[in-house]
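One structure is given below, encoded as structure tokens.
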Amino acid sequence: MRHGKYPLIIAFLVPPLALYVMFVISPYLQAFQISTTSWLGYSAQADPVGLANFRAMLHDDRVWNAIGNNAILLAVLPVLTIGLGLFFATMLSMGGRGDRAGVSGVRGTAFYRLVYFFPQVLSVVIIALLWREIYHPNNGLLNGALRAVGLPTPAWLGDPRTAFWCVLAVMVWSNVGFYVVLFGAAMSAIPRDIYEAVLLDGASRWVTLRRITVPLLWDTVQVAWIYLAIAALDGFILVQLLTNGGPNFSSDVIGLRMYQTAFGDAKFGYASAIGVVMLFLTLTVAVLALRAARREKIEYS
């Protein structure tokens, strides 16, 4: 090993790096090249058009509508998911009653965590099909409950005023359980002596969460924020299966707009340009989230 470690390292590194370059880096580079052509996807001819596809995007109302919906997701999805995740994780970790209130969790914590985490074991397709049946205007569980108490039964996914928000609710539901478990695991590493000292000083649970728990979990919250921001810029599968961007493009997102442009309109060059813009938007959001959430790390022993 002392004399032949470099050939050994090269032998183990070169094959995975070659595969990564071939199947990840190369498609990215090809997307940049295709975005400057008028390729239709099914033809051998791909005439170069320079930056014409990017200029066309500036005047494409459907692209801007999709970006606007992604912007709303970016503003709402991380806040709701992280907020609910912290709330439920706090209740499970420090929601006990009696003398140990605020230090121990509620009864059945393991069961509740399993229930919250259950959506993570389902595929996104199953989640979409499940909620499409729940939102069904005639036979859906939601309208059935409303009908039972005499309330109006809207067409949840068929109304432009509610379709987007219904998709957002499903995205929050499908993601919050993972962060309940993630934040709960991080909270379990915080020494209970800290909470006992704070509670002896008369701090409420809300103050404890805001002044103690969140600062100590800030690195975990920051990572969660970045993952959810990336998810908010995607949302392709849920939107496609629940509403397909409708009605009247009210729930359209940039990932679905790229897919429809490529496979529906057969404009692969224009769709690649949308993909390139989406790549830079995702990188920009990730960098801004890292810089905005940067703070001095708090250590405890």
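- Taking 4.5 Å as the limit, every side-chain heavy atom of Ile254 sits out of range of all side-chain heavy atoms of Met258.
- The aromatic rings of Trp131 and Trp173 lie perpendicular to each other, with more than 60° between the two planes, well past the 30° mark.
- Between Phe164 and Ser250 there is no side-chain heavy-atom pair separated by less than 4.5 Å.
- Side-chain contact annotation: Ser26 with Gln30, donor-acceptor N/O pair under 3.5 Å present.
- Taking the six-membered ring for Trp and the full ring otherwise, the centers of Trp156 and Trp165 sit at least 6.0 Å from each other.
- By the 4.5 Å heavy-atom criterion applied to side chains, Val176 and Ile82 are not counted as neighbours.
- Asp61 has its side chain out of reach of Asn65: every pair of non-hydrogen atoms, C-beta onward, lies at least 4.5 Å apart.
- With respect to Arg62 and Asp60, no salt bridge is recorded, no charged nitrogen being found less than 4.0 Å from a carboxylate O.
- Here Leu288 contributes atom CG and Leu283 contributes atom CG; the two are 11.0 Å apart, rounded to the nearest 0.5 Å.
- To the nearest 0.5 angstrom, Leu142 atom CG is 10.0 Å from Arg147 atom CZ.
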Derivation and outcome, side-chain contact (heavy atoms from CB on, under 4.5 Å), residues Tyr116 and Val181: CA-CA 8 Å; Tyr116 288 135; Val181 175; 5.6 Å; no

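- Looking at Asn175 and Gln120, their side chains never bring a donor and an acceptor atom within 3.5 Å of each other.
- Without hydrogens or angle criteria, Tyr179 side chain to Thr81 main chain gives no donor-acceptor distance under 3.5 Å.
- A 4.5 Å side-chain heavy-atom check between Thr90 and Phe183 finds every atom pair outside the cut-off.
- Of all non-hydrogen atoms in Pro78 and Ala229, the two that sit nearest each other are CG-N, 4.2 Å.
- One distance of note links CG of Leu80 with CG of Leu228; it measures 10.5 Å at 0.5 Å rounding.
- For the pair Val124 and Leu238, the minimum side-chain heavy-atom distance is below 4.5 Å.
- Looking only at side-chain heavy atoms (C-beta outward), Pro154 and Leu146 come within less than 4.5 Å of each other.
- Of all the heavy atoms in Ile274 and Arg257, the pair that sits closest is CD1-CG, 4.3 Å.
- Residue Leu242 is tested with Ile237, Leu157, Ile127 for a side chain to side chain contact (heavy atoms under 4.5 Å, CB included); the sole match is Leu157.
- A heavy-atom distance below 4.5 Å is found between the side chains of Val180 and Leu92.
- For Phe268 and Tyr42, the gap between ring centers is short of 6.0 Å.
- The distance from atom CG of Asn69 to atom CG of Asp252, rounded to the nearest 0.5 Å, is 7.0 Å.
- Residues Ala271 and Thr261 come closest through the heavy atom pair N-CG2, 3.9 Å.
- The nearest pair of heavy atoms linking Asn53 to Ala273 is CB-CB, 3.7 Å.
- Once rounded to the nearest 0.5 Å, the distance linking CD1 of Ile134 with CG of Asn143 reads 11.5 Å.
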Steps toward side-chain contact (heavy atoms from CB on, under 4.5 Å) verdict (Arg113, Ser93): CA-CA 10 Å; Arg113 283 178 178 165; Ser93 300; 3.4 Å; yes

